[in-house]
S.K.: 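Below you'll find the structure I mean.
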Amino acid sequence: MPVAEGAVSDLFGRPLFFSLYDWFLEHGSVYKLAFGPKAFVVVSDPIVARHILRENAFSFDKGVLADILEPIMGKGLIPADLDTWKQRRRVIAPGFHALYLEAMVKVFTDCSERTTMKFEKLLDGEHSRGGDVIELDLEAEFSSLALDIIGLGVFNYDFGSITKESPVIKAVYGTLFEAEHRSTFYIPYWKIPLARWVVPRQRKFHYDLKIINDCLDGLIRNAKDNRQEADVEKLLQRDYLNIKDASLLRFLVDMRAADVDDRQLRDDLMTMLIAGHETTAAVLTWSVFLLAQNPSKIRKAQAEIDSVLGKERPTYESIKKLEYIRLIIVEALRLYPQPPLLIRRALKADVLPGGYKGDKDGYAIPAGTDIFVSVYNLHRSPYFWDRPHDFIPERFLIQKKSEGIEGWAGFDPSRSPGALYPNEIISDFAFLPFGGGPRKCVGDQFALMESTVVLAILLQKFDVELKGSPESVELVTGATIHTKKGLWCKLKKRSYGH
Ligand code: HEM
């Protein structure tokens with residue numbers, strides 16, 4: 001297997017996934033990256049990714065990622081061992097059924113409107129001073145909005161973070177910050193006995209975790225105390241839209257899928273809180289970043305919004321007609337996948353299949369091999385995408401053929417009939433925004449619809465520009481790709497349309 005010989009400094013000067021991309025072009029789609037005592041196999045090929053994530057999925061676990069996340073998410077779905085995962089996935093995945101998603105669209109809309117009302121108020125203030133533009137860090141606003149939505153959607157808790165700060169919100173951000181620190185820090189010093197008492201940031205981390213856990217425990221108690229047979233009846237009769245609390249927690253409790261110990265349920269909720277918050281906020285951030293550099297695409301999006309929605313709120317049905325907005329979201333996910341790398345560890349010796357070019361026999365890997373499936377490299381591979389670094393939402397409308405690449409079936413929408421958004425099945429694992437195989441994201445449709453609704457409402461009401469140059473928006477990465485100092489934008493009420 002080719003070995004990338006990067007200096008360790010390459011790993012710190014800039015986001016890791018940039019260096020992994022350069023080495024992919026130099027060494028091919030499967031290479032070994034060795035630094036110090038650690039080594040990773042970096043995969044940038046759809047056939048090999050399909051093998052690891054789907055065909056031989058149960059021969060791999062989450063490795064380094066589980067080590068990092070376990071103290072936060074416990075036995076939640078992302079880091080869970082296989083036995084726990086099998087039990088919990090079976091009961092959680094059905095919670096994201098179509099009627100739940102339909103009920104959630106109302107939550108997405110209500111929360112987005114709370115955000116746009118805040119912007120309108122700021123603009124009114126600006127008007128009274130004779131101006132018509134406000135400057136805002138939209139990344140921070142999306143983060144608050146996504147937190148409010150995930151709180152309501154998963155456990156019917158209104159963080160209200162658009163308008164206020166609270167100890168729980170601070171604790172959520174503190175925990176995310178620590179998760180990120182751990183995912184980029186070289187030596188897991190937090191595992192050293194006493195570190196949690198001695199190192200100030202570790203003390204703070206455990207204090208934050210306790211605040212969130214107490215909050216979640218209270219919500220679980222409350223949901224169990226208020227379990228209502230009538231609601232279960234309604235659930236069974238599929239009268240979902242009339243249930244006051246449509247949250248996932250309510251579903252799990254009412255359907256008795258929550259009859260596990262409270263610790264497991266809390267781990268499940270914590271996992272979804274973390275997994276569904278910054279990821280969605282990041283997709284919205286990069287969608288706006290890309291759009292702001294392409295005013296003609298903003299106008300095209302606004303024309304679609306005007307014709308589909310006019311001045312109305314988005315609904316479950318209208319999302320189906322907002323095709324261009326949906327494509328903007330998936331194109332942003334292609335260019336800025338969250339997370340940019342999927343992490344696995346081989347549980348037993350395996351042979352990775354040959355990739356799309358060269359190395360047809362593949363590579364044997366021993367048990368314990370740590371693997372990065374670089375979604376960033378796959379999504380920007382010059383072998384599968386025309387103008388891979390350009391923002392072209394329309395590209396998903398053009399069916400690509402496999403171009404004779406052995407073992408890769410190419411793009412084919414008929415493989416996933418009725419799918420609203422392009423996915424890994426249509427692209428035969430060249431496009432993996434939510435992973436693939438059994439451990440694929442459970443919240444993918446939730447997140448996609450949420451992003452579509454938020455973006456549609458924002459562009460329905462405002463014109464958006466970047467405050468500075470695109471180059472000044474520097475990237476940093478931990479679990480997700482985000483900006484160094486925020487996505488500072490200028491917002492103006494729309495001069496036409498709404
Ligand atoms: C797993 C991405 C939103 C819950 C994953 C994975 C990816 C992903 C790539 C697979 C990880 C792996 O294979 O190692 C995203 C993105 C989102 C998003 C890009 C937003 C745009 C959400 C939301 C929720 C959620 C909203 C919950 C409400 C989960 C869970 C898993 C997961 C529970 C673990 C699934 C399992 O192992 O069975 N997500 N996610 N995600 N995601 Fe998401």
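In each ligand, atom 1 is the first atom listed, and ligand 1 is the first ligand listed.
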S.K.: Provide the number and element of each atom of ligand 1 under 4.0 Å from a heavy atom of Gly435.
M.R.: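 Counting from 1, the qualifying ligand atoms are 9 (C).
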S.K.: Of all the atoms in ligand 1, which lie at a distance below 4.0 Å from a heavy atom belonging to Lys440?
M.R.: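 Near Lys440, meaning under 4.0 Å from one of its heavy atoms, ligand 1 has 35 (C).
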S.K.: Nearest 0.5 angstrom please: Glu394 CD to Leu327 CG, how far?
M.R.: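 Going from the CD atom of Glu394 to the CG atom of Leu327 covers 7.5 Å.
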S.K.: The criterion is ring-ring contact (aromatic ring centres under 6.0 Å, His included); which residues satisfy it with Phe155, sequence neighbours excluded?
M.R.: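 Partners of Phe155 under the ring-ring contact (aromatic ring centres under 6.0 Å, His included) test: none.
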S.K.: Taking only heavy atoms of Pro433 into account, list the atoms of ligand 1 that are under 4.0 Å away from them.
M.R.: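 Answer for ligand 1: 2 (C), 9 (C), 19 (C).
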S.K.: For atom 34 (C) of ligand 1, which protein heavy atom lies nearest, and how many Å away is it?
M.R.: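 That would be Ile78 CG1, 3.3 Å.
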S.K.: Taking heavy atoms and a distance under 4.0 Å, where does Tyr336 meet ligand 1: side chain, backbone, both or neither?
M.R.: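 Under 4.0 Å from ligand 1, Tyr336 contributes no heavy atoms.
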S.K.: Is a salt bridge present between Asp214 and Lys210, judged by a nitrogen-to-oxygen distance below 4.0 Å?
M.R.: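 Counted as a salt bridge, because a side-chain N and a carboxylate O are separated by less than 4.0 Å.
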S.K.: Look at atom 11 (C) of ligand 1 and say which protein heavy atom is nearest, naming residue and atom and giving the distance to 0.1 Å.
M.R.: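 For atom 11 (C) of ligand 1, the nearest protein heavy atom comes out as Leu342 CD2, 3.9 Å.
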S.K.: What side-chain donor-acceptor pairs closer than 3.5 Å can you find for residues 336-348, not counting sequence neighbours?
M.R.:
unit_1	atom_1	unit_2	atom_2	d
Gln338	OE1	Ile481	N	2.7
Gln338	NE2	Tyr336	O	3.0
Arg345	NE	Asp370	OD1	2.7
Arg345	NH2	Asp370	OD1	3.4

S.K.: Among all protein non-hydrogen atoms, which one is nearest to atom 18 (C) of ligand 1, and what is the separation to 0.1 Å?
M.R.: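 Sorting protein heavy atoms by distance from atom 18 (C) of ligand 1 puts Thr279 OG1, 3.6 Å first.
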S.K.: More than 12 heavy atoms of other residues, nucleotides or ligands under 6.0 Å from NZ of Lys62: yes or no?
M.R.: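 Count over threshold, so yes.
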S.K.: What atoms in ligand 1 come closer than 4.0 Å to a heavy atom of Phe446?
M.R.: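 Listed by number with element: 26 (C).
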S.K.: Pick whichever of Arg439, Gln338, Arg344 has a heavy atom sitting closest to atom 14 (O) of ligand 1.
M.R.: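 Selected option, by shortest heavy-atom distance: Arg344.
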S.K.: Between the candidates Glu424, Arg89, Met272, which shows the shortest non-hydrogen contact distance to atom 36 (C) of ligand 1?
M.R.: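 Ranked by closest heavy atom to atom 36 (C) of ligand 1, first place is Arg89.
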S.K.: If you have a sec, work out which protein heavy atom is nearest atom 21 (C) of ligand 1 and how many Å separate them, to one decimal?
M.R.: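 Going atom by atom, the protein heavy atom closest to atom 21 (C) of ligand 1 ends up being Val283 CG2, 3.4 Å.
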S.K.: Inspect the surroundings of CZ in Arg415 and state if more than 12 heavy atoms from other residues, nucleotides or ligands are less than 6.0 Å away.
M.R.: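 Above 12, so yes.
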S.K.: To the nearest 0.5 Å, tell me how far Met449 CE sits from Arg326 CZ.
M.R.: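 Output value for this atom pair is 9.0 Å.
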S.K.: Given Gly276, Cys441, Gly443, which one has a non-hydrogen atom that is nearest to atom 41 (N) of ligand 1?
M.R.: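 Heavy atom nearest to atom 41 (N) of ligand 1 belongs to Cys441.
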S.K.: Does the residue His277 have a heavy-atom contact with ligand 1, meaning some pair of atoms that are separated by less than 4.0 Å?
M.R.: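 It does not; every heavy atom stays at 4.0 Å or beyond.
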S.K.: Are His277 and Tyr173 close enough that their ring centres sit under 6.0 Å apart?
M.R.: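 When the ring centroids of His277 and Tyr173 are compared, they turn out to be within the sub-6.0 Å range.
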S.K.: Could you tell me whether Trp85 and ligand 1 have an N or O pair separated by under 3.5 Å?
M.R.: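 It does: an N or O of Trp85 is found under 3.5 Å from an N or O of ligand 1.
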S.K.: Could you identify the single nearest non-hydrogen protein atom to atom 20 (C) of ligand 1 and state the distance to 0.1 Å?
M.R.: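 Going atom by atom, the protein heavy atom closest to atom 20 (C) of ligand 1 ends up being Ala447 CB, 3.4 Å.
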S.K.: Using ring centroids (six-membered ring only for Trp), state whether Trp385 and Phe411 fall under 6.0 Å.
M.R.: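 So the answer is yes for these two rings.
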S.K.: Could you check whether any heavy atom of Lys62 sits closer than 4.0 Å to an atom of ligand 1, since that is the contact criterion I want to use?
M.R.: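 For ligand 1, residue contact (heavy atoms, under 4.0 Å) with Lys62 is present.
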S.K.: Determine whether any heavy atom of Ile150 lies closer than 4.0 Å to an atom of ligand 1.
M.R.: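 In this structure, Ile150 qualifies as a contact of ligand 1 - some heavy atom is under 4.0 Å.
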S.K.: Donor-acceptor pair, distance only, cut-off 3.5 Å: does the side chain of Asn226 make one with the backbone of Asn222?
M.R.: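 Pair found, side chain donor or acceptor close to backbone of Asn222.
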S.K.: Do Glu141 and Leu284 have side-chain heavy atoms sitting under 4.5 Å apart?
M.R.: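 When only atoms from C-beta onward are counted, Leu284 and Glu141 do not touch, as no gap falls below 4.5 Å.
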S.K.: If you have a sec, work out which protein heavy atom is nearest atom 33 (C) of ligand 1 and how many Å separate them, to one decimal?
M.R.: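 Nearest neighbour among protein heavy atoms for atom 33 (C) of ligand 1, to 0.1 Å: Val442 CG2, 3.4 Å.
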S.K.: Please write down residue, atom name and distance for the protein heavy atom closest to atom 15 (C) of ligand 1.
M.R.: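 Of the protein heavy atoms, Phe434 CD2, 3.6 Å lies nearest.
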S.K.: Counting only heavy atoms, tell me which of Ala275, Pro79, Gly153 gets closest to atom 29 (C) of ligand 1.
M.R.: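 Comparing heavy atoms across Ala275, Pro79, Gly153, the nearest one to atom 29 (C) of ligand 1 lies in Ala275.
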S.K.: Does some side-chain heavy atom of Leu136 sit less than 4.5 Å from a side-chain heavy atom of Cys489?
M.R.: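 In short, these two side chains do not touch, never coming nearer than 4.5 Å.
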